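Structure first, commentary second.
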Amino acid sequence: MPNRIRNFFLLTFLLIGSIATAQDTNVNEGFMRSNGKIYVVLAVCLTILIGLFIYLFTIDRKIGKIEDKQ
Amino acid sequence: MRKNWWKILAGVLLVYTFTAGLLIKVPSLGNLKETIRNMFFHVPMWFSQIILLTTALVYSIKYLRKPDLRFDIYAEAFTKTGILMGILGLVTGAIWATYAWGEPWSNDPKQIGVAIALLIYFAYLVLRNAIPDIDKRARVSAVYNIFAYFIYLPLIMILPRMVESLHPGGKGVEGNPALNGSDLDPMMRIVFWPAVIGWTLLATWITTLNIRLYLIRDKNLLHAE
């Protein structure tokens, strides 16, 4: 079980990291600071959204396991 | 991945909503400025609430036609998520109103309407918990839910359009609130409808989690039938 949790954290950090670096290299070095730093807001919102979805999926799987046991 | 595709679709649509919703060029209307983007976040709360509560209504009617406790569980779960979306819609609306209308609560007909509607649905939850007998609770709740729905709908859809309102679509305004003609330009339309679907799917997912939980909790009652 702890393995799974660790994997989720790893995956989350990798995701966030890849988003950030992909944006930085694709355009110019000031991408995150362009357009009134709106991309920072976007990164925050997407992090929350992805975090919530990962959480929902874990709950979904936990309930699924209990259902299978019955 | 059994029957999980629509959960992933919800995620994809919402990531699209957030990305496009924050980045597309929006028309500058009056003093709304950038806050028009709230169309992708505040308004879908109400769309999904209407869809969820309508689903709850269907299950309540189904229960009355055939008293299966599962229908009662479905109705309860859909109503609960509907209430959640209503609270979120009300709070986000108050935040938006602070900067668009000058104060969080201006006794706008729609604000009053949804406040009353939410109180009616709170009473649904109180009523449920007040009846210890399971079958009686299910039956009374189903009847009350039907009653609540047909007060809720006029309160949010009809009454606000008959009086002057700060919301779009009040008296003296043509067409549907914010969805007609120049109010919603084509660029916003291609974000708005995916946003509605995405938020509704997310709310439905949360509802199904609750339903599965209740089905496990009440499995003894369900098998006893």
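Within every chain, numbering begins at 1; the chains are lettered A, B, ... in the order of the sequence lines, protein sequences first and strands thereafter. The structure displayed is predicted, hence computed values, not measured ones.
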Evaluate the ring planes of Trp205(B) and Phe53(A), with Trp represented by its six-membered ring, and classify them as parallel (under 30°), tilted (30 to 60°) or perpendicular (over 60°). tilted

Chi angles and distances behind the side chain to side chain contact (heavy atoms under 4.5 Å, CB included) call for Tyr39(A), Leu22(B): CA-CA 9 Å; Tyr39(A) 299 107; Leu22(B) 288 177; over 6 Å; no

Side chain to side chain contact (heavy atoms under 4.5 Å, CB included), paired with Leu49(A), selected from Leu202(B), Thr19(B), Val15(B): Val15(B)

Looking at Ile66(A), Leu56(A), Val41(A), which has the largest count of heavy-atom pairs under 4.5 Å with chain B? Leu56(A)

Using 0.5 Å steps for rounding, measure from the CD1 atom of Ile48(A) to the CZ atom of Phe18(B). 8.0 Å

Proximity breakdown for Ile38(A) and chain B, heavy-atom pairs closer than 4.5 Å: side chain

Distance in Å, Gln70(A) CD paired with Leu215(B) CG, rounded so as to fall on 0.5 Å steps: 9.5 Å

Shortest non-hydrogen contact from Ile59(A) toward Leu209(B): CG2-CD1, 4.1 Å

